[in-house]
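Bear in mind the structure is a predicted one, so any value in this text is a computation, not a measurement. For the numbers below, each heavy atom of this structure counts, side chains included, while hydrogens, waters and symmetry mates do not.
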Amino acid sequence: MILHDLLSYDALRLIWWVLLGVLLIGFALSDGFDLGVGMLLPFAGQNDVERRIVINTVGPVWEGNQVWLILGGGAIFAAWPPLYAVSFSGFYLAMFAILFALILRPVGFKYRSKRESLTWRYNWDWALFIGGFVPALIFGVAVGNVLQGVPFRFGPDMRIYYDGWFIGLLNPYALLCGVLSVAMLAMHGAAWLIVKTTGPVQARARRFGTWAAIATLLLYALGGLLLWAFIDGYVVTSTFPENGPSNPLAKTVEVYAGAWFTNYAAHPWMLIAPVAGVVGALGVLGMIAAKREVGVLLLSKLSIFGVISSVGLSMFPFILPSSEMPGASITVWDSSSSHLTLFIMLVVTVVFLPIIALYTAWAYKLLWGKVEKEDVTGDSHAY
C-alpha cells in the first residue's frame, strides 16, 4: 500500500519536483565553486605561478561537476516539457551567453599554459573569469525573472507563446538577484581556495571570501524585503486534480504583492531554508575570522542550499509563473510528463544517481589535499 502511494501520479510529480531541486542545488554546490574560483582567478593570484595554483585547485574536478547541470537540463526536458519549452526558447539568448561562457572554461584550462607568453596566459585568465562570472550572473537573473513571472501564454491550440524580449530580462530586481548569485558563488569559490591553498593565495581568498559573504547577506536580505513589499507573487485559488492529466489551464491564479510568503505562514517549517541561507553566510564570516578551513566550505554550502531552496519553497507549487496569463502558470501538479515517463525516470535515477554521488565522493577523497607551488611547477601534466 505504501509503495502504491509512493508511485501514484501526484507522488511522482512531487518526487520529481524535489529531485529537480536536488539536481540544481547539486550543480550550485559542486560546479558553483568552480565558477567562483574562475571569478577570483585574476585577483587571488598575483603572478603566473599563483594563478596556476588557483587553476589547479579545480582542474581535476570541474568537468565532473558539470554533470549536475546536464542532469538538471535533462530532468527539465523529460519531466516538465512545458517548462523546458518556455525557458529554453524564451531565454534563448541568455542560454547562448551561458553556453558561450562555459565553453571558454575548457578552452582556457587546456590552452592557457601552452605558451610561455605572460600576455597570452593573462588573456586566458580573463577568459576564465568570464567563464565564471557570466553564468553566475545570468543564472541569478533568470531566478529573479522567474520570481516576477515570465511573459508567456498558451494559445487556443495549447501552443506556447513567449511575448518577452532579452532586454526585458535585465530589470532591476533580476539584476539584484544576478549580483546576489555572483556574490554567493564568489564566496563559495573563496571557501574552496581557503581549503585547497596556502600562503598569499589563501590569505587573499580569506579577504575576498569575507567581502563576498557580507555581500551575500546584504543582497539576500534586500532581495527578500523587495520580494515581500513590491514583487507580485502567485497563489492558486481553485482546486485541480493533483492526480489528473496535465492541463495548465485548469486552474485560476491570483497575483498580489507578498504572495510568495504565504507558504511560510501556512508551513512554518519552511523557514528552515532562509534561516540556513543567513546562518550559513554568517558562519562563513565566523570561520574565516577563526582561520578554519573545512568549516568555511561546509557553511558556504549550507548558505547556498538555503538561498536556492528558499526560492523553490516560496514558489511551491509553481515552477514557472506567467505574468502574461497567470492561469497558464506552470505548476508541479499540471505540467508534468505522463505517469509512466516519471516512473521510468525515477527507476533510472534510483539506480544511477547514487553511483554518480559515490564516484564523486571517491574522486574528491582521492584528490583531497593542498595545491602547492611544487605541484604545478614540477608536474608536466598540471594546468
Discussion item. Before we go on, tell me: are the rings of Tyr162 and Phe152 under 6.0 Å apart, centre to centre?
Written reply: no
Fill in: Expected output: side-chain Ser238 to main-chain Thr252 donor-acceptor under 3.5 Å
yes
Fill in: Over 12 foreign heavy atoms within 6.0 Å of CZ, Arg121
yes
Item to complete: Say whether, by atom type as modelled, one donor and one acceptor occur between the side chain of Lys251 and the main chain of Pro248 under 3.5 angstrom.
Response: yes
Fill in: Residues, nucleotides or ligands: over 12 heavy atoms within 6.0 Å of Phe88 CZ
yes
Worksheet item: Where the side chain of Arg153 meets the backbone of Met325, is there a donor-acceptor pair that is under 3.5 Å apart?
Response: no
Discussion item. Tell me if the centroids of the rings in Phe33 and Trp192 come within less than 6.0 Å of each other.
Written reply: yes
Practice prompt. Keeping the roles fixed (side chain from Asp375, backbone from Glu372), state whether a donor-acceptor pair exists under 3.5 Å.
Written response: yes
Discussion item. If I take atom OG from residue Ser336 and atom CD1 from residue Ile319, how far apart are they, to the nearest 0.5 angstrom?
Written reply: 8.5 Å
Worksheet item: Heavy atoms, side chains only, cut-off 4.5 Å: are Val284 and Thr210 in contact?
Response: no
Worksheet item: Taking atom types as modelled and ignoring hydrogens, do the side chains of Asn247 and Asp334 form a donor-acceptor contact shorter than 3.5 angstrom?
Response: no
Discussion item. Evaluate Arg206 against Glu293 for side chain to side chain contact (heavy atoms under 4.5 Å, CB included), listing each step before the verdict.
Written reply: CA-CA 10 Å; Arg206 291 185 186 277; Glu293 296 183 356; 4.1 Å; yes
Worksheet entry | Interatomic spacing from CZ in Phe343 to CG in Leu12 - rounded to 0.5 Å | 8.0 Å
Item to complete: Begin with the C-alpha distance, continue with both residues' side-chain angles, and end with the deciding distance and a verdict on side chain to side chain contact (heavy atoms under 4.5 Å, CB included) for Leu169 and Ile138.
Response: CA-CA 10 Å; Leu169 300 177; Ile138 294 181; over 6 Å; no
Fill in: Single-linkage hydrophobic cluster, 4.5 Å side-chain cutoff, Phe139 and Ile103 together
no
Item to complete: Name the orientation class of the two ring planes belonging to Phe261 and Tyr264 (parallel below 30°, tilted from 30 to 60°, perpendicular beyond 60°).
Response: tilted
Fill in: Evaluation steps, side chain to side chain contact (heavy atoms under 4.5 Å, CB included), between Leu40 and Leu193
CA-CA 9 Å; Leu40 296 176; Leu193 290 177; 4.3 Å; yes
Worksheet item: Are any side-chain N or O atoms of Gln66 and backbone N or O atoms of Trp62, one a donor and one an acceptor, separated by less than 3.5 Å?
Response: no
Worksheet item: Would you find a donor on one side and an acceptor on the other, under 3.5 Å apart, between the side chain of Ser300 and the backbone of Val296?
Response: no
Worksheet entry | Donor on one side chain, acceptor on other, Tyr220 and Ser310, under 3.5 Å | yes
Worksheet item: Are there more than 12 heavy atoms of other residues, nucleotides or ligands under 6.0 Å from atom OH of Tyr111?
Response: no
Worksheet item: Taking atom types as modelled, is there a side-chain donor on Ser338 or Thr341 under 3.5 Å from an acceptor on the other?
Response: yes
Worksheet item: Is it true that atom NZ of Lys373 has more than 12 heavy atoms of other residues, nucleotides or ligands lying nearer than 6.0 Å?
Response: no
Discussion item. For a ring-ring contact (aromatic ring centres under 6.0 Å, His included) check, start with the C-alpha distance between Trp124 and Phe109, then their side-chain angles and the critical distance, and finish with the verdict.
Written reply: CA-CA 8 Å; Trp124 280 115; Phe109 285 137; over 10 Å; no
Fill in: Any side-chain donor near an acceptor of the partner, Ser322 and Ser329, under 3.5 Å
no
Worksheet entry | ILVMFWY cluster, Leu313 and Leu225 together (side-chain gap under 4.5 Å) | yes
Item to complete: Taking the side chain as every heavy atom from C-beta outward, state whether Phe43 and Phe129 have any atom pair closer than 4.5 Å.
Response: yes
Worksheet item: Can you check whether Val54's main-chain N or O pairs, donor with acceptor, with Thr57's side chain at less than 3.5 Å?
Response: yes
Discussion item. Can you tell me if Trp120 has over 12 outside heavy atoms packed within less than 6.0 Å of its CH2?
Written reply: yes
Practice prompt. Indicate whether any N or O donor in one side chain lies under 3.5 Å from an N or O acceptor in the other, for Asn171 and Gln148.
Written response: yes
Discussion item. Just checking Tyr364: does its OH atom have more than 12 heavy atoms from other residues, nucleotides or ligands closer to it than 6.0 angstrom?
Written reply: yes
